[in-house]
Protein chains: 2
Amino acid sequence: MSDPDLRQIRAFNRLVTQRIGVLQASYLGQGRPFGEARVLFEVGRDGADVRDLRQRLELDSGYLSRLLRALERQELVVVEKSAADGRARLARLTDRGQAEVDAYDVQSNRLAQSLIDPLDERQRRRLVEAMGEVERLLRASAVAVEVVSPGSADARWCLDRYFAELAQRFDSGYDPAQAAPAPEDQFAPPKGWFVVARLEGRPVACGALKRVDAETGEIKRLWTDPTSRGLGLGRKVLTTLEALGCEAGLRRVRLDSNAALTEAIGLYAKAGYEEVERFNDDPYAQMWFGKALG
Amino acid sequence: MSDPDLRQIRAFNRLVTQRIGVLQASYLGQGRPFGEARVLFEVGRDGADVRDLRQRLELDSGYLSRLLRALERQELVVVEKSAADGRARLARLTDRGQAEVDAYDVQSNRLAQSLIDPLDERQRRRLVEAMGEVERLLRASAVAVEVVSPGSADARWCLDRYFAELAQRFDSGYDPAQAAPAPEDQFAPPKGWFVVARLEGRPVACGALKRVDAETGEIKRLWTDPTSRGLGLGRKVLTTLEALGCEAGLRRVRLDSNAALTEAIGLYAKAGYEEVERFNDDPYAQMWFGKALG
DNA sequence: GACATTAGCTGACTTTAGTCAGCTATTTTT
DNA sequence: AAAAATAGCTGACTAAAGTCAGCTAATGTC
């Protein structure tokens, strides 16, 4: 990475944390200690397990307990026994607490407004767009790709979305049973791999690779959540799968696709895949690709 | 401002302060209390007046004093009497202090690197560009335009830069005495106004308006610092001057320009100025513009 | 030269943030 | 039913952050 880029990033970090940090402190604090405020907002409208709070805020058990007592004294929060587990407790906001969170919301909008108020319409547009870009890319940079069991909750979640999307995008609809009579555990090691890309813990993309013969693998189930497209997640998943295959001794991978999946086809082309002869009779497959590994 | 925009800005604020804040804490702290670190970095390579530090960091005088003592005990900083003012004191880094600031620099680069490491080349480019855009626009939104005395230090600073730039850009060079035999105090109220736009206290643009007759004003000395162009500062200064004139009962303003000043001419056109007949014999003027106010 | 102001310092104090050991009540495991 | 684990609490403590009043020395103002 070149030096001017690093300088730009540092300038950005400095300015943004300063400007927004200072404004946030002045607008949002509301006179409340930061620790208390954090707990208050984390309890949120729906309430929360004390245990969850501890984990999400990474607080010491004793410390959190004291913070909750302080919020209780101020009648912003009530903590009550959990019905399910007599040891656990449940925090939720009182009306006053709710009102304070609402006020925070208003302040937060005011802060956002104050950043753009001095700008003219064109500049606002540019700022909001650039902020969106930064946000998306910073999020993307926090994506972790991981091999999971194809039966895991995250894998199931991705697959459900994937099949639902195919059903919607194919003119003919989509019936997974027809295309893949084999169960999903065909993607469990050592015969295959199922990887999930997670963004802040939430699965946002997936892909699978199964061994066809000693030297050939086949990529399936490549999917990216629509809200996270354009971040290179598909590419990342694909690269991960190829690396896994390569490590396991595969020399080439192949995959099929449907003409309706234009983004995927573009991805394959950019990743070095070339069209090959039909290698299966999947009724939904219209194109077949292959690539040498390593 | 529309709601989705505010939502975008808030999402940006939340993510960026979190992500960068957390990284900054983990990378940079260096085990040093945040307060001490802040002072250390603010003293910086060139040293600083204790008074300035107090102002820039908004610290209590006693508190800062103690922080400096702590840094002195660690032999990171020395504080000595100011030569100019026996009451004031001057802080500067020792070699060890300098080394620590250098180490911070390395860490800071590592932090920047860690943000872009997971991205591919194209995404990095987009991220750095978007960060630049956000930074410039946030800076622009912090600009304050103010009427100042034409003899003030900030006004003088702008004018020096302005004349230097004209001298450089005009083929024929530039001699202010030839163009404006009248002194700069022609722009002092009530006959005129001199405004300066400041960015974090530093003047970055200026402009002046003088009364020609009961209903006519003339705009002069419109200048923007080259490093701050493209932020709409010229527009902002121009609008401020027009508003001042309007408030003072002027019905129209006029101005002249030189063909070499293409950005200025573009600005005039966009701000609704139209070319008029030559109204003066300034040797450097090649174009004349006018606009009705109110 | 008297008086006010400025710059910085020290002592005494409070609040916030955080840690750790040990306790009780409840649930899970064996 | 006993033992182990879990969830949360309290007491005792520390470090960092910040505030305030009052002091001294130097400088500026009339």
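Not measured: the values here are computed from a predicted model. Chain letters run A, B, ... following the sequence lines, proteins first and then strands; every chain starts at 1.
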Between CG of B:L71 and P of D:dA17 the distance, given in whole Å, is 11 Å
Parallel, tilted or perpendicular: rings of A:W223 and A:W157 (30°, 60°)
perpendicular
Using only side-chain N and O atoms of A:R69, determine if any of them is under 4.0 Å from OP1 or OP2 of D:dC9. yes
Only residue of A:D49, A:V79, A:D52 satisfying side chain to side chain contact (heavy atoms under 4.5 Å, CB included) with A:L90 is A:D49
Rounded to whole Å, the CZ-P distance (B:R51 to D:dA26) equals 16 Å
Under a 3.5 Å threshold, yes or no: a donor from one side chain and an acceptor from the other, between A:R110 and A:S114? no
note: B:E80, atom CD; C:dA7, atom C1'; distance rounded to Å ~ 16 Å
Salt bridge (Lys or Arg N to Asp or Glu O under 4.0 Å) pairs touching residues 143-153 of chain A, sequence neighbours excluded, are A:E146-A:R198
Taken to the nearest whole Å, CG/A:L57 to P/C:dT16 is 18 Å
Side-chain atoms of A:S65 come closest, of D:dT10, D:dA16, C:dT16, to D:dT10
Give a yes-or-no answer on whether the side chains of A:R32 and A:Q74 include a donor-acceptor pair shorter than 3.5 Å.
-> yes
Taken in chain and number order and not counting sequence neighbours, the residues that satisfy side-chain hydrogen bond (donor to acceptor under 3.5 Å, both in side chains) with B:R139 are B:E135, B:E200
Reading nucleotides 19-30 of chain C from 5' to 3' and marking B where a protein heavy atom lies under 4.0 Å of the base, S where only the sugar-phosphate is that close, and - otherwise, the string is BB-----BS---
B:R54 atom CZ is separated from D:dT19 atom C1', nearest whole Å, by 15 Å
B:R89 atom CZ is separated from C:dT10 atom C1', nearest whole Å, by 13 Å
Atom CG of B:L64 and atom P of D:dA16 are separated, to the nearest Å, by 17 Å
A:F34 atom CZ is separated from C:dT15 atom C1', nearest whole Å, by 16 Å
